[in-house]
**Student:** 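Take a look at this one; I'll ask things after.
All ligand and atom numbering here is 1-based and tracks the order in the structure. Below, all heavy atoms of this structure are taken into account, side chains as well, without hydrogens, waters or symmetry copies.
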Amino acid sequence: MPVDRSLYIIPNDSPVCQLDAEDAFKTLSEKERKYAHYVAKASFDGALAVFLQVSPESAPIFYVLYRLFKAETVDQLKEKAIAVGFTEAEWQAFLVYTAAFYNNSGNYKGFGDSKFVPGVEQTKIRALIEKSAVGTDEKVLKTWESVESKIGSLQTTELQLGFGDKGVTCYHSSNVTQEDSEKIDRFFKQRNLAFWNTRLFKEVGADGKTTFTIKLASSEEGVVSEPEEFEGVVIQIIRGDYSLLMKRTHEWLAKAIPVVANKNQEEMLKKYIEHFKNGDIDSHKDGSRYWIKDVGPAVESYIGFIENYRDPAGTRSEFEGFVAAVNKETSKKFQALVSNAEEILKQLPWGADYEKDTFLKPDFTALDVIAFGSSGIPAGINIPNYDDIRQNEGFKNVSLGNVISAQPKQKMNFLDEHDEELMFKFHKDSFEVQVGLHELLGHGSGKLFQKNADGTFNFDNNKVKDIITGGPIATWYEPGETWSSKFGVLASAYEECRAEAVGYVLCCNPDILKIFGYTGELAHDVKYVNWLSEIRAGLLALEFYQADQKKWGQAHCYARYVLTKVVLEAGKGFVKIEETKGEDGKPDLHFKLDRNLIDSVGRPAVNAFLAKLQAYKSTGDFEGGKKLFESYGAVGETELQWREICIARRKPRRIFVQPNTVENNGEISLVTYPAEVSGVIQSFVERYDAKAIEELYTCWKNDYKWF
Ligand code: ZN
């Protein structure tokens with residue numbers, strides 16, 4: 001079946017939302033602003049690496065677009081575009097493409113991993129480049145030639161991220177298969193190595209011998225471990241991936257050291273700098289340890305190779321760096337939630353044996369993002385992702401207030417008018433509750449049963465009973481095994497599902513809603529809107545199901561869909577999804593959730609499911625967990641029909657425009673841009689100096705032969 005190109009074009013009416021950090025920035029002292037500025041620069045420069053992680057053409061597209069928009073203003077370019085034959089709509093489409101490209105850090109959606117292409121033919125883009133101020137620049141033209149056939153093409157294997165035989169990725173060279181990556185998994189496990197900041201490259205020599213090169217992200221180059229035999233192949237580890245970009249990152253971090261607020265921040269930065277220099281994960285872990293201890297800072301940040309959602313193997317991570325200022329009012333609510341966490345945890349459907357020995361009270365703050373470098377901006381974060389630190393030393397939660405509040409006024413599909421009104425009215429409130437519960441008591445809860453290196457266990461093997469079988473615990477994590485290594489590609493979606501379910505269940509508790517300031521009728525509305533919004537989101541998630549490959553991409557979508565299936569199965573008319581005909585005569589859906597049945601039907605169903613999720617997670621029973629999860633994740637005939645309607649009626653996703661911090665005579669100011677696609681483009685052009693982009697280009701050239 002030919003691909004419907006329109007599905008891969010970012011719509012011209014995509015809403016652009018301001019990531020409003022002005023008030024938050026104002027609260028910072030001069031010193032704090034400097035600190036924020038340097039860490040923001042480190043975050044954004046480091047995040048150029050994401051373009052090298054996503055697709056082979058992302059870095060060169062960045063190069064061309066940057067040079068184009070750096071040399072001339074949007075208005076000047078528009079005039080030339082119209083002269084070479086762009087229509088008004090095509091020009092807008094080109095701007096939308098460019099803004100979305102920057103916003104997603106590449107030409108695959110940060111949310112959903114599918115490719116997007118310009119809504120204008122590449123021959124016209126070429127004509128524009130040739131007519132532009134960089135039209136005679138050999139480097140620009142040559143770079144454009146190398147991506148011209150890729151930018152708009154929609155071959156089956158290019159539609160989404162995946163291993164080279166099915167999709168696109170730059171976490172691995174294009175010849176790496178799933179089987180290869182599993183072999184490397186075994187190697188990593190045997191050597192007790194960490195994946196986070198690595199990429200994998202495969203070479204088959206003239207003698208037929210296969211060599212795998214594992215590259216660590218670092219500014220320094222060199223050999224980490226000499227080539228050695230493993231299961232019939234040769235494996236070597238070297239450092240120096242994205243070398244120039246990592247150098248920029250640690251140089252900016254070094255500038256932040258004189259303006260730190262305390263000793264923890266200083267030690268943290270020193271460790272991060274070490275990490276970005278030599279690629280050693282232990283340095284980053286140590287940095288994260290200092291970071292956990294830096295409780296309630298005025299300027300919060302985190303930086304490194306953090307989330308592994310986008311690696312087809314589910315282990316290698318995307319670069320991410322952010323800086324944010326604390327919103328003191330909302331943070332108070334979250335701190336109250338933390339204070340009550342131990343009591344609240346008891347309401348979760350597993351006993352004390354399945355909970356950590358002591359709940360490590362995390363720092364939980366509400367932040368307004370000043371800078372976020374990565375392929376997307378989440379609403380909340382629970383980090384670090386290192387299991388051993390999370391379990392034994394602690395973690396931090398953040399809720400990103402200005403991300404949550406940046407809601408475009410779009411029509412909401414499938415809802416009654418009254419429900420839509422309620423959604424507009426209470427979405428921010430309910431989502432704040434959901435994010436708080438999801439991060440703190442979702443990701444923050446539960447214990448992994450681990451066998452220690454000395455043969456002892458971190459649980460009482462004679463006493464603890466298996467939630468599913470009622471018998472003794474039969475499986476656990478062996479030394480060196482972690483949640484991600486054990487659950488692999490399913491780990492992200494499964495864990496997101498567990499955290500989401502915790503939010504659904506706990507938001508029904510009036511005492512918890514009271515902590516957030518909601519009582520009486522208001523509390524009922526917030527709870528209802530949370531269920532309505534989340535269960536409906538599980539329906540809309542179908543957009544992100546890859547029907548041709550029978551595969552789920554985006555972890556959060558998969559997670560929400562599973563929970564929507566759980567409550568549909570619970571029946572009793574709690575959730576109704578009916579096919580209807582829209583006013584336009586085309587197929588439509590009607591979504592209804594009975595608010596009177598949340599406590600009697602919805603909550604018990606999710607609670608029972610949540611207990612099972614935790615049981616399989618705690619015991620490291622991947623087979624059991626996979627079977628359960630995939631049974632609910634299955635997409636049948638009816639759901640495929642719903643999916644068609646969801647796709648036909650989908651609303652464009654928001655594009656963020658972020659501010660820049662700028663240093664002038666030793667003073668830092670915040671520069672904001674209009675909430676338009678041209679504002680997004682301008683923010684990028686001003687964010688990066690020309691040298692940084694030349695260095696991105698050099699990194700890309702070094703990579704080129706692998707893809
Ligand atoms: Zn989460």
Side-chain angles (χ1 to χ4, degrees), residues 110-113 196 288 300 302 304-311 314-315 317-318 320 322 324 334 337-338 341 344-345 348 356 362-367 369 372 374-387 389-391 394-401 403-404 430-446 448 482-484 487-507 530 533-535 537-538 540-541 544 552-564 566 606 609-610 613-614 617 625 629 633:
F111 195 89
D113 293 343
W196 309 97
S288 302
E300 186 56 286
Y302 198 56
F305 292 83
I306 314 298
E307 301 291 351
N308 50 20
Y309 300 132
R310 301 184 91 196
D311 169 21
T315 49
S317 294
E318 180 169 290
E320 171 181 316
F322 77 83
F334 290 143
L337 194 64
V338 172
I344 299 173
L345 281 171
L348 291 173
K356 295 184 187 74
D363 190 23
F364 194 177
T365 46
L367 306 175
V369 174
F372 207 113
S374 84
S375 67
I377 313 179
I381 323 179
N382 173 296
I383 30 181
N385 282 334
Y386 305 119
D387 281 339
I389 298 183
R390 299 170 64 81
Q391 291 236 55
F395 56 93
K396 278 192 195 182
N397 277 306
V398 302
S399 167
L400 303 177
V403 177
I404 294 174
S430 73
F431 197 45
E432 198 170 82
V433 172
Q434 174 66 19
V435 170
L437 298 173
H438 172 116
E439 301 297 344
L440 177 71
L441 299 144
H443 291 312
S445 64
L448 303 184
T482 65
W483 161 246
S484 316
F487 276 65
V489 282
L490 199 60
S492 293
Y494 192 102
E495 174 60 10
E496 290 311 326
C497 187
R498 205 181 61 86
E500 280 290 270
V502 168
Y504 298 8
V505 167
L506 293 181
C507 83
N530 193 39
S533 159
E534 295 289 333
I535 303 297
L540 301 182
F544 296 92
W552 279 96
Q554 223 287 332
H556 297 84
C557 290
Y558 190 5
R560 288 183 179 139
Y561 174 76
V562 164
L563 291 173
T564 297
V566 168
V606 173
F609 182 71
L610 177 57
L613 286 180
Q614 185 58 46
K617 182 179 177 185
F629 201 73

**Student:** What atom name does the N, O or S atom of His438 nearest to the Zn ion (ligand 1) carry?
**Tutor:** NE2
**Student:** Tell me whether the centres of the aromatic rings in Tyr558 and Tyr494 are closer together than 6.0 Å.
**Tutor:** no
**Student:** Hey, is there an N, O or S on His443 sitting under 2.8 Å from the Zn ion (ligand 1)?
**Tutor:** yes
**Student:** For Phe544 together with Phe111, are the ring centres under 6.0 Å from each other?
**Tutor:** yes
**Student:** Compute the centroid of each ring, for Tyr309 and then for His556, and state whether the two points are separated by less than 6.0 Å.
**Tutor:** yes
**Student:** From the Zn ion (ligand 1) out to just under 2.8 Å, does an N/O/S atom of Glu496 turn up?
**Tutor:** yes
**Student:** Assess, by modelled atom type and distance only, whether the side chains of Glu432 and Ser399 contain a donor and an acceptor separated by less than 3.5 Å.
**Tutor:** no
